[in-house]
Amino acid sequence: MTRRDILRRCVRDDLSVSRLAEAYPMSFAAVQKHVAVLERAGLVVKRRRGREQLVRTDPDAVGRARQALDELETAWRGRVERMSRLLAGEAETDVPDPLEGPER
C-alpha cells in the first residue's frame with residue numbers, strides 16, 4: 001500500500017524522500033527502502049537537487065506494468081472459466097491458453 005501511494009504522490013510532483021517520509025508513520029529509512037525498491041523496479045526515477053533526492057514516477061514504466069498485469073489477469077480469468085466448466089461437467093472447448101503462447 002505504501003509503495004502504491006508513493007507512486008501516486010510522485011506522479012503529481014517531484015517529491016523529496018524527506019517530504020515523502022512526513023506522510024507515513026514510519027522512519028525515514030523505511031521510506032528510503034520503499035523508494036529504493038520502486039527505483040530498482042524502474043517505476044520511479046531519483047535525481048539530486050542540492051542535498052535532496054527528488055523522486056518522480058515514470059508513467060511509461062507504470063503503464064507497461066499495468067499492461068502486463070492486465071494480460072495476466074485476462075489469461076488467468078480464462079483458466080478459471082475453463083476450470084469452472086470442467087467442474088460443472090461441460091465439454092472443454094479448444095480455446096488456447098494465452099499464458100502458454102502459440103502452439104508448435
Side-chain angles (χ1 to χ4, degrees):
M1 183 96 87
T2 301
R3 292 181 190 148
R4 282 181 289 189
D5 191 59
I6 290 171
L7 286 173
R8 277 190 223 101
R9 288 174 186 268
C10 294
V11 162
R12 292 179 242 137
D13 251 339
D14 289 6
L15 296 175
S16 68
V17 176
S18 56
R19 179 87 185 263
L20 282 168
E22 293 171 2
Y24 304 103
M26 62 184 76
S27 69
F28 174 82
V31 173
Q32 267 185 319
K33 287 180 183 180
H34 282 296
V35 170
V37 169
L38 292 168
E39 186 179 29
R40 279 194 307 272
L43 297 172
V44 299
V45 177
K46 286 194 316 191
R47 68 178 175 90
R48 188 164 286 286
R49 182 180 70 191
R51 292 179 17 175
E52 293 183 312
Q53 292 235 358
L54 298 179
V55 180
R56 177 178 46 86
T57 297
D58 181 345
D60 293 334
V62 172
R64 288 189 302 274
R66 176 62 193 217
Q67 181 181 359
L69 290 171
D70 286 346
E71 290 170 5
L72 283 172
E73 179 184 13
T74 299
W76 279 103
R77 283 185 186 276
R79 285 183 168 189
V80 169
E81 287 172 21
R82 284 192 301 281
M83 189 180 307
S84 294
R85 285 194 306 269
L86 284 172
L87 291 172
E90 296 177 14
E92 177 71 21
T93 58
D94 285 337
V95 179
D97 185 338
L99 289 179
E100 293 179 9
E103 287 189 35
R104 296 181 197 262

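All values reported here derive from a predicted model rather than from experimental measurement.
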By salt bridge (charged side-chain N to carboxylate O under 4.0 Å, His left out), which residues pair with [X], not counting sequence neighbours?
| X | value |
| --- | --- |
| Arg47 | Asp14 |
| Arg51 | none |
| Arg4 | none |
| Asp60 | none |

Subject >> Closest heavy-atom pair and its distance - Gly42, Ala61 >> reply: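 In this case the closest contact between Gly42 and Ala61 is O-CB, 3.2 Å.
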**OP:** Quick one: closest heavy-atom pair of Leu7 and Thr57, and the distance?
**Re:**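 Shortest heavy-atom separation between Leu7 and Thr57 comes out as O-OG1, 2.7 Å.
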Check for me, please, whether [X] and [Y] land in the same ILVMFWY cluster - side-chain distances under 4.5 Å, paths through other members count.
| X | Y | value |
| --- | --- | --- |
| Val62 | Val44 | yes |
| Val37 | Phe28 | no |
| Val11 | Leu54 | no |

Subject >> All pairs passing salt bridge (charged side-chain N to carboxylate O under 4.0 Å, His left out) where residues 24-41 contributes a residue, at least two apart >> reply: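 Counting only pairs at least two positions apart or across chains, the salt bridge (charged side-chain N to carboxylate O under 4.0 Å, His left out) contacts touching residues 24-41 are Glu39-Lys46.
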Identify every side-chain donor-acceptor pair in residues 15-25 under 3.5 Å, counting partners at least two apart or on other chains, and give the distances.
residue, atom, partner, partner atom, Å
Ser16, OG, Ser18, OG, 3.2
Ser16, OG, Arg19, N, 3.0
Tyr24, OH, Asp5, OD2, 2.6
Tyr24, OH, Arg9, NE, 3.2

**OP:** Could you go through the side chain to side chain contact (heavy atoms under 4.5 Å, CB included) check for Leu69 and Glu73 one step at a time?
**Re:** CA-CA 6 Å; Leu69 290 171; Glu73 179 184 13; over 6 Å; no
**OP:** Using the side chain to side chain contact (heavy atoms under 4.5 Å, CB included) rule, take Thr74 and Arg77 through it: C-alpha gap first, then chi angles, then the decisive distance, then the call.
**Re:** CA-CA 5 Å; Thr74 299; Arg77 283 185 186 276; 5.9 Å; no
**OP:** Kindly check if the number of other-residue, nucleotide or ligand heavy atoms within 6.0 Å of CZ (Arg48) is above 12?
**Re:**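 Enclosed: over 12 neighbouring heavy atoms sit under 6.0 Å from CZ of Arg48.
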